[in-house]
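Scroll down for the structure; my scribbles are underneath it.
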Amino acid sequence: MSACVPARADSARTQHVHPPHRPPPGGPRRFRVAGADVSAAVAVFLIALPLSLGIALATGAPLQAGLVAAAVGGIVAGWLGGCPLQVSGPAAGLTVVTADLIQRYGWRTTCAITVLAGLAQLGLGCLRVARSALAVSPAIVHGMLAGIGVTIAVAQLHIVLGGTPQSSVPDNLVALPAQLANLRPADVAVSVLTLTLLLLWPRLPGRAGQLLGRLPAALIAVAGATAVAALAGLRVPKVDLPSWSSHALATLPEGPVLGLVAAVLTTTLVCSVQSLLGAVAVDKLVAARPPGPAGHVKRSDLDRELLGQGAANIVSGSLGGLPIAGVAVRSSANVAAGAVSRNSTMLHGVLVVIATLLMVPALELIPLASLASLVMAVGLKMVSLNHIRTVTRHREVLVYAVTTGGVVFFGVLEGVALGIAVAVGVALHRLTRTRIRHDETEGVHHVQVRGQLTFLAVPRLSRVLHQVPHGARAVVELDGSFMDHAAYETLQDWQKTHTAQGGSVDITGRRPGTRISEPADADGCRCRPWTPWRNHQCERPQSGTQPGGTGRQDTTGGATGTKTGAGGAGTPGGPDVRPDVAAGSDGPGRSSGPSGPSGRELARGISAFQRNTAPRVRHELARLAREGQQPSQLFLTCADSRVVTSMITSSGPGDLFVVRNVGNLVPMPGDESGDDSVAAAIEYAVDVLKVRSITVCGHSGCGAMQALLSAEPGGAQTPLKRWLRHGLPSLERIPEDEDTWPLLAGRRPADAAEQLCLANVVQQLEHLRAHEAVSRALDAGDLELHGMYFHVGEAQAYLLAEDAGDGVFELVLETDLTA
């Protein structure tokens, strides 16, 4: 005690150098910016500078307004916003809205509308309704952006040809023939050069192309066209930045009140939706980026982002700048450049301020035709073929087309309103569109209902149900997620009548909780097909059921009206599944015979498949039965019950030819050490099934690898020990030097067992190459080998990198494959 606590006399003389619970005094903390943020800020600045001038040109606003908005968006929105890596500024999606406002109310009133829109965004942010903006259908958002892109491209085409754009797309299209007849060659030459550089710069070949490709194509295109125009002495209109002393600021709005309110609402809607969707997209880009040394970037706070955008619009409008929103091009460049914090966005805004004050002579050399062609290219990119494919796949192309056409011919607000109306109409059509079909197969009458069951479908449902003969066996398949009271009563009344006349009814459906009548027996478990047997809770009926009842609850809540036979469970001779025995109650692996707890688990699982999953996969399995199996991969993995191959590979019937054994081992070929079962499967898969790849998959916590590590020489040679001898080469493969261990996503294995699991995958791939069929297919280029490691606790898969020597397993990231 005396060694730890000073004596009272000593403590009285002890003086604290600084007050307790406070950091030691030092100089003021210096503001530091990570190197990655600096490089990202420079890259974003080089993109933002020409685009801001081009967007200002496209709206008809003073060109300085684009620079003001870029600076304010970077500094204010970057500082206050909730998405650290999103870059805000003048956006192409706001071009049509802003141009229309300037045309109607003038520039200074447009600035006032921008301020009011910022105040509205602050109010929405305080109400915390940011998530509600994401409820807008993506088809409407993509259609709005596509319509704006078409409007921008058509308008800027006139400037590219040396003319002046009209106020609307129809007027621009009407005036286009005359403009083509009177084009100005100098403007066209500058525009063509800009577009050529913009297209070819990212595609430069070789190592020099990789180095030069780091410079933004937009900057190179504008700078190259400017240099050529200056050296050639071309007489073309150029950027004119007036003196800051004559810069126009916001004034009190003038105009009809309803028109101003509509203008504020339109600006608020477009700015908010584009910024919030951009923040969500940035989160996806950051999640797909490999983790860096600077740590994890926080996910976006959408309400804070709305507040930051509102504050930026207030400042921008007050200083005579364009409306501000999150910009996809600059944000994606910021993420790709490796930015790690909001400092990159703010620094880019500071660089814009510096350029605005110091680079005016250089900026005034830029031809307007070069900026116009740059903005035209941006507008064309807003019509994304990927978005069109996505909305077509989701059957929302009508919503997309109507929104696009409405924005092009009527305006942004009108186009969005039309898109919302069509989206509501499509949703109602889908809700009321129900397909009902009646078929007879081997004496069983199948009634298939596709779609939602509402009162509008009751007449057709009743007519089809009464086509089923009295006393027949019927199966009603419900493939929908909604059933109203009228349809429920119709189906229930028919079920009672049909069963009373000696028939049987089996009702299946994909809806959890669909319940036509009370369960007739004990099988009232409402479990999904993938619910594990162990430790899951079933929703049991509150009251007991009488044997021989007419209704039975299926495993997903869908009721059946099949009469129970002597064996119960609705199937003659079937197992008696009792409600008072929960699945797994006797513990895993314990069984008291075919009707014991384990048998009941198996029977319940089979019943769930027959009622819920089988109707969905029956057609596909029938096709596979006719055509035979044609798998593309041989998947060799461990017999561990936690490794579910179809789940971790998102594969279905017929996709994988799976071989499982203890330890995912591939014995070397040969009479002495070979194993005919594994060798036969390999030969059959390669020579007969013609698989194109073979994957060896290990996993964390493998019992076989742990047994290898703990095995002692000698002792009785059990079947397990004899089998595990095929893993001894993996054990010998582990080097003593830790620097040469296999790596898992850049880190070393957590323990010796994980180290052995990784080394075993690499070793078994070498064993595969020794098999004659595999070697022959590899030499012919018809086969690929892959290594995989599945971490059970993390639910994360790792793939062995190609040409990785003794093993570097790379993380398989979540990717938006529909984007």
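Every heavy atom of this structure was used, including side-chain atoms; hydrogens, water molecules and symmetry mates were not. Residue numbers count from 1 along this sequence.
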pair [X]-[Y]: side-chain heavy atoms closer than 4.5 Å:
X: L765; Y: L800; result: yes
X: L728; Y: R725; result: yes
X: S300; Y: V282; result: no
X: P84; Y: S341; result: no
X: V678; Y: L636; result: yes
X: V774; Y: L785; result: yes
X: H791; Y: E754; result: yes
X: V686; Y: I694; result: yes

I'd like to know if the side chain of [X] reaches the main chain of [Y], judged simply by a donor and an acceptor atom lying under 3.5 Å from each other, with no hydrogens or angles considered.
X: T390; Y: N386; answer: yes
X: R642; Y: G701; answer: yes
X: D37; Y: V340; answer: yes
X: R660; Y: D640; answer: yes

Kindly compute the distance separating [atom1] ([X]) from [atom2] ([Y]), expressed to the nearest 0.5 Å.
X: N760; Y: M705; atom1: CG; atom2: CE; value: 4.0 Å
X: I682; Y: E772; atom1: CD1; atom2: CD; value: 12.5 Å
X: L656; Y: S646; atom1: CG; atom2: OG; value: 8.0 Å
X: L768; Y: H786; atom1: CG; atom2: NE2; value: 12.0 Å
X: L708; Y: H726; atom1: CG; atom2: NE2; value: 11.5 Å
X: R733; Y: L756; atom1: CZ; atom2: CG; value: 11.5 Å

Open item on the list: For the CD atom on Q629, are there more than 12 heavy atoms of other groups (residues, nucleotides or ligands in this structure) within a distance under 6.0 Å?
Closed with: yes
Task: Residue R692 excluded, over 12 heavy atoms near CZ under 6.0 Å - done: no
Which atom of [X] lies closest to which atom of [Y], heavy atoms considered:
X: S344; Y: A339; result: OG-CB, 3.4 Å
X: A681; Y: F657; result: O-CE2, 3.7 Å
X: P653; Y: L624; result: O-CD1, 3.5 Å
X: A279; Y: Q86; result: N-OE1, 3.1 Å
X: V792; Y: S700; result: N-OG, 2.8 Å
X: G698; Y: N664; result: CA-OD1, 3.7 Å

Open item on the list: Check this for me: does any side-chain nitrogen of one of R623 and E620 sit under 4.0 Å from a carboxylate oxygen of the other?
Closed with: yes
Open item on the list: Assess whether a salt bridge exists between K690 and D782, defined as any Lys/Arg side-chain N lying under 4.0 Å from an Asp/Glu carboxylate O.
Closed with: no
TODO: Could you give me the CA-CA distance, side-chain angles and deciding distance for W723 and N661, then say whether side-chain contact (heavy atoms from CB on, under 4.5 Å) is met?
DONE: CA-CA 10 Å; W723 170 253; N661 60 51; 3.5 Å; yes
- [ ] Check the pair L731 / L709 against side-chain contact (heavy atoms from CB on, under 4.5 Å), numbers first and verdict last.
- [x] CA-CA 8 Å; L731 195 60; L709 288 172; 3.7 Å; yes
TODO: Please step through side-chain contact (heavy atoms from CB on, under 4.5 Å) for the pair Q633 and V691, ending with a clear verdict.
DONE: CA-CA 5 Å; Q633 291 201 27; V691 297; 5.7 Å; no
- [ ] Could you verify whether a donor N or O on one side chain and an acceptor N or O on the other, from S730 and Q764, lie under 3.5 Å apart?
- [x] yes
- [ ] Apply side-chain contact (heavy atoms from CB on, under 4.5 Å) to H767 and V696, showing your working.
- [x] CA-CA 11 Å; H767 290 184; V696 176; over 6 Å; no
